[in-house]
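What follows is a short report on a single structure.
Letters A, B, ... are given to chains in the order of the sequence lines, protein chains preceding strands, and every chain is numbered from 1.
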Amino acid sequence: MADETRAAFAGSDLACRRGERLIFAGLDFALPARGVLLLRGPNGSGKSSLLRLMAGLSPPEAGVISWNGDGIFDDAGAHRARLHFIGHSDAIKPTLNVLETLSFWAEMRGSGAAVPAALTHFRLSRLALLPCRFLSAGERKRLALARLIASPATLWLLDEPTTSLDAAGTEDLLRAITAHRAAGGRVVIASHGPLSLENAMTLALDDYTPRARAIAA
Amino acid sequence: MSGFLRLVRRDLRLALRQGGDAAMVLAFFLLTVALFPFGVGPEPEVLRRIAAGTVWVTALLAALLSLERLFLADYEDGSLEALVLMPLPLEIQVLAKALAHWLTTGLPLTVVAPLLALLLHLDRSGYGALVIGMALGTPTLSLIGAVGAALTLGARRGGVLLSLLVLPLYIPVLIFGVGAVEAQIIGVSARPHLLLLVALLLAAIPLAPVAAAAALRQAVE
């Protein structure tokens with residue numbers, strides 16, 4: 001883990017294209033251990049796209065994202081093993097129960113040892129044996145977020161994590177993030193809402209929208 | 001337990017809980033084969049002549065029926081995105097999902113096939129080759145089908161497109177599967193046909209997961 005905290009996670013001169021549209025260009029970021037990077041910007045400014053680039057789900061149009069100097073596509077397996085990506089869709093099957101869902105995702109990453117702790121943290125223990133089709137939207141979101149604690153990963157990539165969460169659920173998430181940072185982890189959050197996080201860096205994506213070029217094209 | 005087995009177990013559990021899919025495939029197989037005596041007439045001679053081909057063609061169509069769901073449900077609820085990001089290589093995951101698909105469709109079809117062959121008066125000497133041929137051929141159907149299912153993810157009317165893509169690729173399995181039964185009935189060895197089915201399976205095991213995984217990465221990009 002000591003090695004992980006010294007590693008540099010950074011991107012340089014990134015550009016992203018979705019279809020015909022160049023969403024952002026010339027974007028740089030660097031995220032040290034214990035850091036939080038908040039992605040801000042209006043709809044369509046590329047917050048989700050940037051998170052997906054960081055996860056290695058799609059290659060950037062230009063530029064490089066690197067971990068400790070090595071491009072994330074150089075050793076894609078190692079990069080996947082060190083990250084959690086919680087996107088808009090929650091990867092929940094209606095017929096599996098809460099415990100089965102969480103155990104599956106944790107065990108696929110190695111071990112389900114922390115599953116009970118994750119259920120407790122996101123106040124899902126009482127619902128553990130309930131099939132997921134009976135969960136409310138907020139409970140589904142808490143179950144998706146519980147994957148963060150159920151198996152360790154040093155880099156958390158969260159896309160609108162507070163959507164449909166109540167105040168207590170948001171509080172649970174913030175506590176998890178604080179503990180994760182204290183242990184040397186890093187977090188990137190795309191969010192519209194206000195989040196009270198200490199020493200969070202902000203990246204405003206509309207600064208990188210290539211307006212002139214978009215009009216010229 | 002390895003990630004491979006966990007994924008197989010999860011897919012089997014989902015198939016059992018949802019129940020419908022595997023049962024529907026079997027019901028389709030039974031009903032369609034039962035239509036043939038009505039269509040071509042009940043004369044045992046006619047039925048005996050077409051028995052092997054009918055059982056095999058119907059099994060192909062039945063296997064096709066459940067293929068569309070192979071990745072579609074995971075694609076729609078975001079599980080596929082999460083699976084792509086798991087440390088376990090996606091190729092191995094495809095293999096696991098194809099195995100689960102075979103266990104819920106190919107295997108039951110193989111078990112029921114002799115019963116349907118009986119219905120069509122298949123010559124008694126052909127049963128061995130039919131069952132062994134189906135046991136060797138249906139895993140190949142699941143693997144080739146996985147490539148088709150991955151390629152048609154996100155396409156409108158993916159099911160129809162999937163059939164058009166996959167059915168031509170099923171022809172070799174059909175030829176050697178039926179060939180094995182025919183050979184045994186006329187008294188020559190079914191072995192060359194069965195060995196060719198093994199060859200097809202051995203080629204599909206490494207190739208199909210690579211192709212399907214590439215298509216899945218495209219789909220979630």
Strictly by ring pair (Phe, Tyr, Trp, His ring centres under 6.0 Å), give each pair with a member in residues 78-118 of chain B just once, sequence neighbours left out.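 Residue pairs passing ring pair (Phe, Tyr, Trp, His ring centres under 6.0 Å), neighbours aside: none found.
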Give, as side chain, backbone, both or neither, the part of A:Ile92 having an atom under 4.5 angstrom from any heavy atom of chain B.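 The backbone, not the side chain.
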Could you state the interatomic distance from CG (B:Leu85) to CG (A:Leu57), rounded to the nearest 0.5 Å?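 So the CG of B:Leu85 and the CG of A:Leu57 are separated by 4.5 Å.
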In Å, rounded to the nearest 0.5 Å, how long is the span from CG of B:Leu83 to CZ of A:Phe104?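 If I round to the nearest 0.5 Å, the distance is 5.5 Å.
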Engaged part of B:Leu7 at the chain A interface, taking heavy atoms whose separation is under 4.5 Å: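 Both the backbone and the side chain of B:Leu7 come within 4.5 Å of chain A.
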What donor-acceptor contacts under 3.5 Å connect chain B and chain A, backbone and side chains included?
{"residue": "B:Arg6", "atom": "NE", "partner": "A:Glu107", "partner atom": "O", "Å": "3.4"}
{"residue": "B:Arg6", "atom": "NH1", "partner": "A:Glu107", "partner atom": "OE1", "Å": "3.0"}
{"residue": "B:Arg17", "atom": "NH1", "partner": "A:Thr95", "partner atom": "O", "Å": "2.9"}
{"residue": "B:Arg17", "atom": "NH1", "partner": "A:Glu100", "partner atom": "OE1", "Å": "3.0"}
{"residue": "B:Arg17", "atom": "NH2", "partner": "A:Glu100", "partner atom": "OE2", "Å": "2.8"}
{"residue": "B:Asp74", "atom": "OD1", "partner": "A:Lys93", "partner atom": "NZ", "Å": "2.6"}
{"residue": "B:Asp77", "atom": "O", "partner": "A:Ala91", "partner atom": "N", "Å": "2.8"}
{"residue": "B:Asp77", "atom": "OD2", "partner": "A:Lys93", "partner atom": "NZ", "Å": "2.9"}
{"residue": "B:Glu81", "atom": "OE2", "partner": "A:Arg52", "partner atom": "NH1", "Å": "2.6"}
{"residue": "B:Glu81", "atom": "OE2", "partner": "A:Arg52", "partner atom": "NH2", "Å": "3.3"}
{"residue": "B:Val84", "atom": "O", "partner": "A:Arg80", "partner atom": "NE", "Å": "3.4"}
{"residue": "B:Met86", "atom": "O", "partner": "A:Arg80", "partner atom": "NE", "Å": "2.8"}
{"residue": "B:Val220", "atom": "O", "partner": "A:Arg52", "partner atom": "NH2", "Å": "2.2"}

Within residues 24-32 of chain B, residues adjacent to chain A where the heavy-atom gap is under 4.5 Å: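 Result: none.
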Among residues 57-68 of chain B, which residues come closer than 4.5 Å to chain A, judged by heavy atom distances?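 Near chain A, by residue number: none.
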